[in-house]
Amino acid sequence: MKTEDTKIPLITLAILMITSFVPVIQLTMLMGQGAFLYPFNRLLVTPEFKSLNYINLFSGILTVIAFYISRRRGYKIIWTVLTVFFFMGFLTFVTESTRYEDYPYFIPIMVIGVMVTLPLIIVGIIKEKMVNPT
C-alpha cells in the first residue's frame, strides 16, 4: 500500500516530467539558486563556483533526512520541494560542461528530474517497509 511517503515524491516526479517540455519551474528554481548561493559566495570569498555547489549537495542531504523524519504531510511537501530545489541546482551545475546541444532540450531536464526525486522515492519506500514489514 502506497502512503504519502511515496506518493508525494512520485507526484513531484510526474510534475517535473510534464513540465520538462516547458521548464518554467526548473528555470525559476535555478534562478533561485543564485539568490541562495550569493550570501555564501560573499562569506567564503571564493571565485570557485564548484566549491559553492557542494552547499547545495549538503543542503539536499539534510532535506532528505528531514523528509524521512517528518510525520505531517505539510512538512513532507515542504521538504520535497526543498530537496528538489537543492539537488536540481547541484546536478545542473555539476553537468553544466555537458554538451546539451547533442540532445533535445528536455532530455537533460528529464534525467535530472528523475535523479532529483530518486532519493526521496527510496527514502519513502524504506520508511514504508519499516512501518509495514511483510
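The CG atom of L52 lies 12.5 Å from the CZ atom of F90; values are rounded to the nearest 0.5 Å. Between I18 atom CD1 and I25 atom CD1 the span is 10.0 Å, to the nearest 0.5 Å. Note: L82 CG to T63 OG1 = 6.5 Å, rounded to the nearest 0.5 Å. Distance check: T92 OG1 to N53 CG gives 9.0 Å after rounding to the nearest 0.5 Å. Rounded to the nearest 0.5 angstrom, W79 CH2 and F86 CZ are separated by 8.5 Å. Distance CG/L16 to CD1/I11: 12.0 Å, rounded to 0.5 Å.
When side chains are defined from C-beta on, M110 counts as touching F21, because their heavy atoms get closer than 4.5 Å. Between N41 and L37, every side-chain heavy-atom pair lies at or beyond the 4.5 Å cut-off. In this structure, the side chains of L120 and T12 stay at 4.5 Å or more apart for every pair of heavy atoms. Between M115 and F87, the closest side-chain pair of non-hydrogen atoms is not below 4.5 Å. The closest side-chain heavy-atom distance from L44 to I55 is below 4.5 Å. Side-chain contact between T80 and F67 is present, with heavy atoms from C-beta onward closer than 4.5 Å.
In this pair, F36 and F85 present their aromatic rings perpendicular. The plane angle is above 60°, beyond the 30 to 60° band.
Through direct or indirect side-chain contacts shorter than 4.5 Å among Ile, Leu, Val, Met, Phe, Trp and Tyr, V24 is connected to V22.
M29 and I109 end up in different hydrophobic clusters when Ile, Leu, Val, Met, Phe, Trp and Tyr side chains are linked at under 4.5 Å. The hydrophobic clustering, which links ILVMFWY residues whose side-chain heavy atoms are closer than 4.5 Å, places I8 and L118 apart. Under the 4.5 Å side-chain heavy-atom criterion for Ile, Leu, Val, Met, Phe, Trp and Tyr, L13 and V81 are members of distinct hydrophobic clusters. A single hydrophobic cluster is not seen to contain both L27 and V114; linkage of ILVMFWY side chains at heavy-atom distances under 4.5 Å, directly or through other members, places them apart. Using a 4.5 Å cut-off between side-chain heavy atoms of Ile, Leu, Val, Met, Phe, Trp and Tyr, with links allowed through other members, L62 and I78 fall into different hydrophobic clusters.
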Item to check | Pair V116-T83, side-chain contact (heavy atoms from CB on, under 4.5 Å): steps then yes or no | outcome: CA-CA 8 Å; V116 160; T83 301; 5.5 Å; no
Item to check | Verdict with reasoning, S20 to Q26, per side chain to side chain donor-acceptor pair (under 3.5 Å) | outcome: CA-CA 8 Å; S20 66; Q26 289 86 341; 5.7 Å; no
Next on the checklist: Run Y38 and R42 through side-chain contact (heavy atoms from CB on, under 4.5 Å) and show every step you take.
Outcome noted: CA-CA 6 Å; Y38 180 74; R42 300 302 270 172; 3.3 Å; yes
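Within a 6.0 Å radius of CZ in F58, other residues, nucleotides and ligands contribute 12 heavy atoms or fewer.
Between Q33 and G89 the shortest heavy-atom distance is CG-CA, 3.9 Å. Residues M88 and L30 come closest through the heavy atom pair O-CD2, 4.1 Å. Of all heavy-atom pairs spanning P119 and V64, the tightest one is CB-CG2, 4.2 Å. When all heavy atoms of Y68 and M130 are compared, the closest pair comes out as OH-SD, 3.1 Å. When all heavy atoms are compared, the tightest approach of L10 to I121 is CD2-CD1, 3.8 Å.
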